Amino acid sequence: MKKILIFAGTTEGRKLSERLSEAEIAHHVCVATEYGEIVMEESPFVVVRRGRMDRDEMSCYIKNESFDVVVDATHPYAAEATENIRGASGEAGALYLRLMRDLSDGDGGDPPRIIFATMEDCAEALERTEGNILLTTGSRELAVFCQRPGLRERLYVRVLPGIESLKLCMEQGISGRHILAMQGPFSEEMNEATIRQYQIRHMVTKFSGRVGGFWEKQSAAERAGIHLYVVGDHSGDSGYSFAEVCGKLEELCGKRILREKPWELVLAGAGMGGKAGVTEEVRRALEDADILLGAERLIAEHQPKIEKRPYYRADQILSYLKKMQRDFAGEILRVVILFSGDVGFYSGCGKLRQVILEEIHKGELCAVLRVLPGISSVAALAASIGEDYQDADIYSIHGRKVPNLARKIERSKKTFLLMSGPEDVRELGRILTEAGLEECRVVTGWQLSYPEQEIRSLTPGQCCEVEKQGLYVCCVKNPRTQEYVVTPGRPDLDFIRGDSPMTKEEIREVSICKLRLHGRAVAYDVGSGTGSVAVEMAERSDDIQVFAMEHKSEVVRLIEENKRKFHLDNVEIVAGEAPECFEGLPAPTHVFIGGSGGRLADIFQALCEKKRNVRVVINAVTLETVSEIRELLSLYPVEEEEIVQIQASQAEKRGPYHLMRAENPVWICSFNLRGGKEA
């Protein structure tokens with residue numbers, strides 16, 4: 001077994017020692033201070049040597065102990081120590097490995113900073129300034145700043161809570177409240193709080209990368225509006241990453257060091273956004289979190305142990321998690337990803353959960369996944385106004401369009417709506433007003449769970465005047481709900497007709513039944529006329545998308561009037577002649593042909609080219625059309641062909657008698673048409 005020596009002085013050195021101990025690989029660790037020894041994890045596989053050594057002492061120690069490998073995990077700024085370790089290793093004939101700190105910020109960014117080559121240059125620049133200085137470069141650099149007139153009294157120094165650090169502070173004349181003795185890492189919020197507490201105008205740091213908390217200092221300085229002084233830039237130094245050093249030691253020792261350990265990934269509902277709306281289970285997860293991800297609004301009030309990022313898209317989160325698992329190889333971290341409201345209620349959690357599970361299955365992520373529910377704003381509003389919601393309809397118009405919303409509200413006593421800002425409330429007021437639902441009351445919940453939350457009861461007209469910015473959830477109460485018919489069968493008199501021909505009621509209902517529509521059908525109504533068939537198809541389900549096709553402009557206007565009358569957002573009017581007007585539309589699942597303009601063969605061909613099987617129903621009133629249909633059915637790949645002939649008669653009252661008035665006979669032809677390659 002190879003003998004390994006680690007010169008530690010950084011988090012990376014301590015991590016490496018812990019990984020070697022877990023792999024049961026014996027090794028020695030050299031630390032310079034008592035504090036460095038205290039923070040080392042106790043293990044039967046590690047021997048710790050405390051005390052500083054010069055180059056000759058290092059060389060003798062390496063030779064006497066017969067070390068085969070020396071890992072230099074000292075601080076990036078400890079240039080003299082690195083030079084001595086490298087030289088001593090060479091003299092002793094040991095393999096030298098420089099463990100480099102990751103200096104990237106994870107985003108590829110390069111935030112602006114004032115860079116100085118040396119501490120002396122930085123101290124000289126600070127002499128020309130005014131205001132308090134926060135020094136975060138460590139106790140060993142104090143003399144450079146304290147020896148300059150006028151600087152020492154302005155200094156607040158953040159050092160490790162060890163005897164050696166405190167002694168150096170005292171020797172340089174710094175004591176009392178000007179010494180901030182604490183162990184990092186420090187969050188952005190902690191840095192900013194320190195800046196404001198001590199009225200700091202200038203912060204001095206080394207370019208110590210992510211592990212050294214550089215980016216948290218940078219962000220805090222930017223938010224507080226102070227100057228950031230950065231000494232040195234070691235981004236171009238050479239060496240090996242943590243994973244690369246572990247890989248080389250694995251080859252030399254013949255043992256696996258970087259064993260993958262599953263991270264704990266928690267997808268959590270944050271409630272309405274404020275801390276008061278977080279469940280106890282989610283709160284505990286947040287307290288234990290090493291990393292926190294989510295929309296900036298959600299993560300603002302919470303602080304994880306390592307870092308947080310405003311990531312909420314699946315691609316952002318996956319890329320970040322994979323990078324962090326490489327950076328923290330062999331460590332177990334707890335990652336919390338926050339979603340607004342409840343994770344199972346109009347949330348992005350479901351999609352992300354599926355993606356993460358796929359990555360875990362493929363071996364791209366090593367993690368255990370948990371999902372924690374939150375309190376939705378609908379539940380919070382219902383509780384606040386004393387309403388149940390098990391008998392309510394619930395929809396989200398937060399960044400999405402809900403088809404036929406007026407019809408939905410018209411049918412329900414209570415409708416809860418998740419919203420974005422005031423523009424959604426105004427749009428709701430417009431929809432209710434245009435649909436004649438002015439008697440509805442709209443209860444709005446604004447900024448629920450925040451101290452400024454507000455609940456109001458508004459008329460549709462008052463909704464149109466809402467301006468206050470923020471998040472809303474609404475409950476619409478309808479005192480005059482209308483029962484609705486689930487079967488087709490609107491009387492002809494319900495439709496605005498004009499002089500346009502219309503498929504009669506009895507023929508319309510049989511034709512729609514023969515179409516066998518399903519809940520998410522894409523239906524073409526070719527030769528739509530007044531739009532009666534389009535209307536009745538669209539009324540079967542709000543998720544059905546109907547394209548009403550008509551080339552006569554005066555008839556198109558009739559379809560528009562009927563669409564408005566029945567509040568149907570899921571009818572799209574296509575002005576044009578079939579089949580040319582099919583261009584650019586989604587492939588249909590169902591087609592009703594009430595009028596073909598003599599181009600039935602062209603329509604058949606266009607439907608086949610849509611590369612999708614389609615259910616077709618054709619109405620014919622002349623023998624010539626029936627003959628053409630029969631010929632086309634023999635030429636194209638059709639299944640379940642059926643032709644029925646219907647003649648309806650309606651009673652008319654003539655004095656004391658009822659006489660039957662006969663309508664023209666109509667042939668209804670229905671079949672499945674195979675499209676694409678099958679055709």
Side-chain angles (χ1 to χ4, degrees), residues 270-274 276-277 295 297-298 340-342 345-347 374-484 542 560-571:
M272 289 75 71
R297 174 182 71 88
L298 298 177
S340 61
D342 181 30
F345 188 73
Y346 291 104
S347 169
I375 301 172
S376 73
S377 52
V378 165
L381 179 62
S384 297
I385 63 178
E387 289 282 354
D388 296 329
Y389 59 96
Q390 74 268 11
D391 58 343
D393 288 340
I394 305 174
Y395 307 101
S396 173
I397 57 177
H398 179 61
R400 67 180 72 203
K401 182 176 176 62
V402 177
N404 304 340
L405 182 57
R407 288 167 56 82
K408 289 178 166 68
I409 294 172
E410 189 177 49
R411 300 168 181 175
S412 179
K413 291 182 180 180
K414 284 179 286 189
T415 305
F416 284 89
L417 297 169
L418 291 175
M419 297 184 160
S420 300
E423 62 279 357
D424 286 347
V425 182
R426 294 194 295 269
E427 176 65 10
L428 173 63
R430 183 193 65 78
I431 289 172
L432 295 175
T433 301
E434 290 184 0
L437 297 171
E438 290 94 342
E439 291 186 58
C440 289
R441 296 294 297 183
V442 180
V443 182
T444 61
W446 176 75
Q447 296 294 89
L448 293 181
S449 83
Y450 291 93
E452 66 271 23
Q453 82 167 33
E454 181 178 87
I455 295 175
R456 300 172 63 195
S457 179
L458 307 174
T459 64
Q462 290 170 329
C463 287
C464 295
E465 300 171 358
V466 169
E467 295 290 343
K468 189 178 290 187
Q469 294 296 321
L471 293 175
Y472 287 83
V473 60
C474 293
C475 174
V476 183
K477 297 182 181 180
N478 183 5
R480 297 184 181 276
T481 56
Q482 296 185 11
E483 295 295 338
Y484 61 97
D542 293 331
E560 290 173 343
E561 289 181 37
N562 280 312
K563 174 183 174 179
R564 283 195 299 271
K565 177 179 179 180
F566 298 109
H567 316 306
L568 293 169
D569 301 324
N570 57 334
V571 173

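For reference, positions follow the sequence shown, starting with 1. Nothing here was measured: the structure is a model prediction, and the numbers come from that model.
Of all non-hydrogen atoms in Glu439 and Arg480, the two that sit nearest each other are OE1-NE, 2.7 Å. Nearest heavy atoms, Ala379 versus Ile375: CB-CG2, 4.4 Å. Here the closest heavy-atom approach between residue Tyr389 and residue Ile394 is recorded as CD1-CD1, 4.0 Å. For the residue pair Cys474 and Val425, the shortest heavy atom distance occurs at SG-CG2, 4.4 Å. The two residues Ala406 and Leu437 have their closest heavy-atom pair at O-CD1, 3.8 Å. Considering every non-hydrogen atom in both Gly429 and Cys464, the closest pair reads C-SG, 3.5 Å.
Asp342 contributes no side-chain N or O that, together with a main-chain N or O of Ser376, makes up a donor-acceptor pair within less than 3.5 Å. Under the 3.5 Å distance criterion, the side-chain polar atoms of Trp446 are matched with a main-chain donor or acceptor of Gln469. Looking at Glu465, its side chain never comes within 3.5 Å of a backbone N or O of Gln462 through a donor-acceptor pair. With Asp388 contributing its side chain and Gln390 its backbone, the two residues share no donor-acceptor pair below 3.5 Å.
You'll find the side chain of Thr433 reaches within 4.5 Å of the side chain of Glu438, heavy atoms only. The shortest distance between side-chain heavy atoms of Leu448 and Tyr472 does not fall below 4.5 Å. Here the side chains of Lys408 and Asp542 are in contact, with some heavy-atom distance below 4.5 Å. Contact of the Met419 side chain with the Val473 side chain is not registered, since no non-hydrogen atoms from C-beta on lie closer than 4.5 Å. Side-chain contact between Cys463 and Arg426 is absent, with no heavy atoms from C-beta onward closer than 4.5 Å. Between Ser340 and Arg297 there is a side-chain heavy-atom pair separated by less than 4.5 Å. For the pair Cys440/Lys477, no side-chain contact is recorded, criterion being any heavy-atom separation below 4.5 Å from C-beta on. The side-chain heavy atoms of Phe416 and Tyr395, taken from C-beta on, include no pair separated by under 4.5 Å.
Within a 6.0 Å radius of OH in Tyr450, other residues, nucleotides and ligands contribute more than 12 heavy atoms. Counted within 6.0 Å of NZ on Lys565, heavy atoms from surrounding residues, nucleotides or ligands total more than 12; the atom is thus considered enclosed.
With values rounded to the nearest 0.5 angstrom, Ile397 atom CD1 is found 9.0 Å from Leu418 atom CG. Between atom CD of residue Gln447 and atom CD1 of residue Ile455 there is a gap of 12.5 Å, rounded to the nearest 0.5 Å. For the atom pair CG (Leu417) and OG (Ser396), the distance works out to 8.5 Å, reported to the nearest 0.5 Å. In this structure, the separation between CD1 on Ile431 and CZ on Arg407 is 14.0 Å, given to the nearest 0.5 Å. Between Asn570 atom CG and Lys401 atom NZ the span is 10.0 Å, to the nearest 0.5 Å. Atoms CG and OG1, on Leu432 and Thr459 in that order, are 10.0 Å from each other to the nearest 0.5 Å.
Glu427 has a carboxylate O that lies under 4.0 Å from a charged side-chain N of Arg430, or vice versa, which qualifies the two as a salt bridge. Classification of Lys468 and Glu454 as a salt-bridged pair holds, one side-chain N sitting under 4.0 Å from a carboxylate O.
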- Task: Check the pair Thr481 / Asn478 against side chain to side chain contact (heavy atoms under 4.5 Å, CB included), numbers first and verdict last.
- Result: CA-CA 6 Å; Thr481 56; Asn478 183 5; 3.9 Å; yes
- Report the C-alpha separation of Thr444 and Arg456 in whole Å, then their side-chain angles, then the decisive distance to 0.1 Å, and conclude whether the side chain to side chain donor-acceptor pair (under 3.5 Å) test is met. CA-CA 5 Å; Thr444 61; Arg456 300 172 63 195; 5.4 Å; no
- Kindly determine whether Asp391 and Lys413 satisfy salt bridge (charged side-chain N to carboxylate O under 4.0 Å, His left out), including the steps that lead there. CA-CA 8 Å; Asp391 58 343; Lys413 291 182 180 180; over 6 Å; no
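No option in Val402, Leu428, Asp393 other than Leu428 meets the side chain to side chain contact (heavy atoms under 4.5 Å, CB included) test with Ile409.
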